[in-house]
Amino acid sequence: MKKVIFLVSTIFFVSIIMIGCRSSLVVRDRPYPPSYERPIAPGPNHVWVTGEWVKRGRGYIYRPGYWSRQRGGHMYYISGHWQSRRQGWTWIRGYWR
């Protein structure tokens, strides 16, 4: 029983440490995406994946949006967004739901 409690507590603390080690890049000013027109959907089962900001060095670069087929079991795409932090802004990536 002591081994099980030790193992569970070790896994718990290691996962807490790993979550804390997640690198989030903070920038002083929130950048705005370039303006462009969305192309026409290539088919009825496609979902628009909005543009994303990708970490590069000490900043972000913009990756334009694109059409993607729906991914198995996922109905739509939740767009990424900027989140305000005490020191500035950080990008929260989009994901499939």
Side-chain angles (χ1 to χ4, degrees):
M1 183 67 177
K2 288 182 182 181
K3 288 182 180 180
V4 172
I5 292 173
F6 175 76
L7 181 62
V8 169
S9 62
T10 302
I11 291 171
F12 175 76
F13 287 113
V14 168
S15 64
I16 295 282
I17 290 169
M18 295 302 287
I19 289 171
C21 292
R22 215 173 37 172
S23 65
S24 61
L25 178 62
V26 178
V27 293
R28 174 173 279 152
D29 297 316
R30 179 176 77 176
Y32 290 94
S35 174
Y36 64 92
E37 288 191 34
R38 180 187 306 186
I40 297 172
N45 295 329
H46 285 75
V47 174
W48 179 252
V49 176
T50 56
E52 292 260 303
W53 290 94
V54 181
K55 295 177 193 176
R56 286 291 187 264
R58 295 183 182 188
Y60 291 94
I61 62 167
Y62 187 74
R63 183 178 60 202
Y66 58 93
W67 287 103
S68 175
R69 288 190 174 272
Q70 291 179 345
R71 298 194 178 174
H74 300 289
M75 296 301 292
Y76 52 93
Y77 183 78
I78 304 295
S79 299
H81 63 277
W82 287 102
Q83 186 174 56
S84 178
R85 303 278 180 158
R86 191 177 321 176
Q87 305 88 352
W89 296 88
T90 189
W91 178 254
I92 307 299
R93 293 187 62 176
Y95 58 94
W96 287 92
R97 181 173 289 239

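- In this structure, the side chain of S84 does not engage the main chain of W89 through any donor-acceptor pair within 3.5 Å.
- Atom CD of residue E52 and atom NE2 of residue H81 lie 11.0 Å apart, to the nearest 0.5 angstrom.
- Of all non-hydrogen atoms in R85 and V26, the two that sit nearest each other are CG-CG2, 4.4 Å.
- Between the side chain of Y60 and the main chain of W91, a donor-acceptor pair closer than 3.5 Å is present.
- Between L25 and R58, the shortest heavy-atom contact is CD2-C, 3.9 Å.
- Atom CZ of residue R38 and atom OG1 of residue T50 lie 8.5 Å apart, to the nearest 0.5 angstrom.
- Between the side chains of R30 and Y32, at least one donor N or O sits under 3.5 Å from an acceptor N or O.
- Across W67, W96, Y66, a single residue satisfies ring-ring contact (aromatic ring centres under 6.0 Å, His included) together with Y77, and that is W96.
- Judged purely by atom type and a 3.5 angstrom limit, W53 has no side-chain atom pairing as donor or acceptor with the backbone of W82.
- Both Y62 and W48 belong to a single network of hydrophobic side chains, linked directly or stepwise wherever heavy atoms of I, L, V, M, F, W or Y lie under 4.5 Å apart.
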